[in-house]
Amino acid sequence: MNPHMYYCLLTYQRTFKYHITRRKISKYLHKDISAKNIRQSFLDYFLKRQDHVFIRSSPVVPFCDPTVPFVNAGMNQFKGIFLGNQIPHFTKVANSQKCIRVGGKHNDLNVVGKDGYHHTFFEMLGNWSFGEYFKEDACKMAWELLTQVYKIPPTKLYVTYFSGDDKLGLKSDLETKEIWKNLGINEKRILPYGTKDNFWEMGVTGPCGPCTEIHYDHLGTTNRSEFVNRGLYDLTEIWNLVFIQYNRLSDGSIVPLPKSHVDTGLGLERLCCALQGTLSTYDTDLFDYLIKAIEKNCINVPKYSGHFGEQDWNDLDASYRILADHVRMLTVCLADGVVPEQNQKLRRIIRKCLVLSQTVFGNERGLIKELTNYVVENLGDVYPEMERNISLVHQILDYEEEVYRAIHNEAKKEWTKFALNHPNLPNIDSIDITPSFIKAFKELHLNKVEEIDENLAYKLYDTHGFDAEGIQTLAQLLNIKFNEETFTKKMDQIKLKSKSNREILVADQPIGLPPTDDSDKYCYSKTSGQYNFPETHCQVIQILADGALVLDKTNLYSESGGQQSDTGTIKFENGATFFVHQLENVRNTIIHKGNLSSGTVKPGLKGSITINQQRRLGAMRNHTCAHLLNAAIKKIKSATCQKSSKVTDKFVNLDVSVFGPKLNVEDVVKVEEIVNGVIADKAEVRVSTTDSQGLYSLDNVTLIPGEVYPDREIRLVEVEGCGTSFVSREPCCGTHVLNTGDLEDFCVVSLKSLGRSSTSLHGVTGDRAKLARKNAEELAEDLALFKASVQEYLDKPEVLEMGILSLKKRLNYEVTDDLILPYAYKQGVIEELNDISRQIKDKSNEDLRNFVIMEMQDALKNKVELTKSQKKFMVHYLRSSMMFESVPLQRATTLCSDMPVIVIAYSDSIVKARCCVPQEFQTEDFDAEKWLREAVASVFESKTTSQKVQNGVLVSNMKGKKVHVQEWHRLLEESINSAKKYINEKL
Ligand code: SER
């Protein structure tokens, strides 16, 4: 067909067919071809009839694979098995996997909404054989399921196979062609395609292999094999059977894998389209409830009409689709613990939804959150983590919406202002308008930059936080050049340089040295309540230039996972002693730095290492405490994420983001209660080793977002509270106590805010916690004594202030020193002391106010003057005002309510004035406002405000104005004279 006809056909189908098929769904649903049933039939077929084992969906961000940002296929969690690094727990498995395609090799983000079958989130039904069945069985089962179970007529199906690749040195997969033929498929429906369509790869590197795809023809009336793989929405691929046989390396070559595997992926959304008789996935029951929910929540917006392309003239239907797609995606991500703080892609998608919600759907607040409820209702029973974490989803969305509005409202105002002065600016998606965007845009625009080279790009990254995608957006908007490749290269170089800089810090890099066996760091036991850390026998391998030692074995822990390094002593067989102060791990070779106190050492010398036990035990307590603390915070504030942690023998420090109200003193008290409860439980701290398959099968595993874990030999540290719902389960390479009882006691000693959402907590355990409590008791006694003396000394504020100061000094400590206090107690003391300060201040203010009254009474006796027309008035400078922080001018003027009066005050270099004029003195030419403004405020170059008070007295106040003390006397005199002159003239 020529391209023009093809286009006409597409337009025709877009205009009419979609509309027609929307109505079919209810007709099909009563036959129980709901998505739920379709999904279940798939699993039943493989689990019950084909003896596969169910493996649940992994979270959507892989935690042991840095090569892909999101899980983009069902096979991701099995990568280690395919590569031969892991032994499979089962050899035939099936599941329904949550997949996200928003970046990297498989990226559908930009087409979402434009058609009816691409999504950022979709469910992939899959079956896998790890070295068991291969091509023939995989094809047979797929064909049987589609044609016998789902009863799809073979006339609606096409299959494709790999036609070979000379560059890769791979032949055409005729074996698969034969298999399909033998299954009775018409040869005209078995089609060969090249690498682009029929060689599947997970990412730039990783497992890959030829594949055979099954395509579904929605029309199915004639043979339309020439339209396969042509991007027709009514003839789409539904199932991909991959024969994983190779590994793509980073140099681009492929190498065979030890075993051949089957990896299949059947897109649930598209299968639902096929079985429910719709052409768009948005018309299936996986989406239509969500479209209806948007309609229900946005009643002022026209309903969804299922149009595409030109028919969707105002993009409203596309907006419905984008919103529905993105809401599913973000619900799944947030429920899986992906946090927008750490995942810019997710944050952008959330923001896109917020923009759509506001601009297209006219919904000011909370629409996205509301829609997530519908998603969880639809998918929550398949993916229980979604139900479990719904409050987390809500909390993060509330937080993101707040932050977005705060940032964007300001930024939008600034942008509008900028745009006013710079006509011809490009149209900018409001999602992009952030403060850093504006800064960067202005910089590039005003400097007339023509190209963003790698150095400028790096500057944009470094100063404004732009990633390659953000820079690309800027470049497109400004119509300037940007080469992403050179930028990525520069970034790689910088990363490499900073890595090697770190390594250069280590004297004489031990290139080529064998790794040090440090497994003995985990060898310790407890007998009769005492921890024993046995010595480790070692041999010197090399002595580095600075005298640091490389040994064959060590029991010393070198800093990792936030836990500090051990110190220790090595006693050598020749009597030499080496004190280890510091350890460095360079590519698994551990360098022992320190000093030789006696004797000499040389390679080959044997010795034994003793750990500094007190330091190690302190670190072990605090490391276990870090886990308990993390779990406790999560328990009270579901939406949290650990940003970093540090464990020393003296304290544990946890920096944590809380999405929602920040941690406060009440939270600290609750957290302490939870942790101390688990300590009192004397719960066992279980350490086991697992692999990624084991980890994926567990609930409530605490992972640090962005951290990449190994895919095997993962040490899992678990604590369960007795009879409570407390669970802490974290992969961790640190050393821990064997029982929570060994922590003895815990308290938080410091809580500091780190920006918008993060808080830094320091906690202590064991003797340090006891010390903090002892300090608190002592302070409490002293505070009680002080409080008892407050009333007695209220007349001597300087004595009380000294007392407050000395008590406050005791609240000022470093977390490592001996003055530590429980944070909650400290906050209580601060409040009590502030209370006493207030009492002192109130008392002295009262005294001063009385002073004012006395001064005014005196002035009334001596300073009242008469105008030429014999009218009483007074203009007075309130001398006592010098003693005040805030001047009680009102109190001063109320004493002279029967005559026009101006009182001027001066305190802390600020002049203020108040003027009152009773009604009977007011004329057209004279009132309080006029008198004060024209005679006094004009002298001080200030302004006045006026108000009427009781009995028609007009009161005017002069706004405080800073006056330098050197000017003060001159201006005061001038203002007094001017006030007197004025009243004399006007009255
Ligand atoms: N990995 C293949 C795909 O994603 C089959 O599951 O298409």
Side-chain angles (χ1 to χ4, degrees), residues 39 42-43 45-46 50 52 54-58 60 62 65 67-83 88 92-109 111 117-130 132-135 137-139 141-143 145-146 158-162 173 176 193-216 228-229 231 236-248 254 257 260-271 281:
R39 195 190 289 113
F42 176 92
L43 293 174
Y45 175 80
F46 282 102
Q50 302 298 349
H52 285 53
F54 176 72
I55 299 283
R56 70 175 179 188
S57 171
S58 73
V60 289
D65 186 357
T67 67
V68 281
F70 282 102
V71 164
N72 59 16
M75 53 72 68
N76 286 192
Q77 63 169 308
F78 308 120
K79 181 177 171 184
I81 301 175
F82 291 142
L83 294 178
K92 295 199 298 184
V93 302
N95 85 355
S96 152
Q97 171 68 44
K98 299 173 286 185
C99 296
I100 305 275
R101 290 192 172 173
V102 291
K105 192 168 167 64
H106 301 278
N107 183 359
D108 293 338
L109 181 57
V111 275
Y117 58 98
H118 279 99
H119 299 288
T120 54
F121 160 72
F122 65 98
E123 293 175 78
M124 190 182 271
L125 304 169
N127 60 291
W128 287 271
S129 150
F130 305 129
E132 257 211 51
Y133 62 82
F134 202 44
K135 296 182 179 177
D137 288 331
C139 294
M141 288 187 283
W143 195 251
L145 178 63
L146 291 181
Y158 299 87
V159 294
T160 65
Y161 66 95
F162 180 51
D173 186 7
T176 300
Y193 284 92
T195 312
K196 182 175 151 282
D197 294 301
N198 278 67
F199 191 84
W200 197 84
E201 306 196 46
M202 174 186 166
V204 182
T205 59
C208 53
C211 59
T212 177
E213 293 180 341
I214 305 175
H215 292 243
Y216 179 83
V228 169
N229 278 334
T236 55
E237 172 219 334
I238 53 169
W239 202 342
N240 188 11
L241 318 180
V242 186
F243 307 122
I244 300 267
Q245 286 164 282
Y246 305 100
N247 184 15
R248 172 84 72 175
I254 58 168
L257 288 169
S260 297
H261 311 274
V262 170
D263 152 38
T264 89
L266 171 60
L268 176 66
E269 291 73 8
R270 292 187 187 177
L271 180 64
T281 50

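Read the numbers this way: they start at 1 and go in the same order the structure lists the ligands and their atoms. The structure presented is a predicted model; accordingly, all values stated were derived computationally and were not measured.
Listed by atom number, the atoms of ligand 1 under 4.0 Å from R101 heavy atoms are 4 (O). Of all atoms in ligand 1, listed by their number and element, those nearer than 4.0 Å to a heavy atom of A73 are 1 (N), 4 (O). Short contacts between ligand 1 and G265, defined as distances under 4.0 Å to a heavy atom of the residue, involve ligand atoms 5 (C), 6 (O). Proximity to M75 (heavy-atom distance under 4.0 Å) selects the following atoms of ligand 1: 1 (N). Close contacts of ligand 1 with N240, meaning ligand atoms under 4.0 Å from a residue heavy atom, involve 2 (C), 3 (C), 5 (C), 7 (O). Of all atoms in ligand 1, listed by their number and element, those nearer than 4.0 Å to a heavy atom of D263 are 1 (N), 2 (C), 5 (C), 6 (O).
Remark: aromatic rings of Y193 and F162 are distant, center separation not under 6.0 Å.
Atom CG of D263 and atom CH2 of W200 lie 6.0 Å apart (nearest 0.5 Å).
In V242, the part holding a heavy atom less than 4.0 Å from any atom of ligand 1 is the side chain. In L241, neither the side chain nor the backbone holds a heavy atom less than 4.0 Å from any atom of ligand 1.
Not a single N or O atom of M124, backbone or side chain, sits closer than 3.5 Å to an N or O atom of ligand 1. In terms of N/O distances under 3.5 Å, ligand 1 is not approached by N72.
One finds no salt bridge joining K98 and E123 here, because no Lys/Arg side-chain nitrogen approaches an Asp/Glu carboxylate oxygen to under 4.0 Å.
For the pair T212 (side chain) and T160 (backbone), a donor-acceptor distance under 3.5 Å is present. In this structure a side-chain-to-backbone donor-acceptor pair under 3.5 Å is present from T264 to N127. Of the possible donor and acceptor atoms, none in the side chain of N240 sits under 3.5 Å from a partner among the backbone N and O of G265. Checked by atom type and distance alone, the side chain of Y133 never pairs as donor or acceptor with a backbone atom of V262 at under 3.5 Å. Under a 3.5 Å cut-off, the side chain of E237 and the backbone N or O of E213 do not form any donor-acceptor pair.
Between atom 3 (C) of ligand 1 and the options W128, W200, F78, W239, the minimum heavy-atom separation is to W200.
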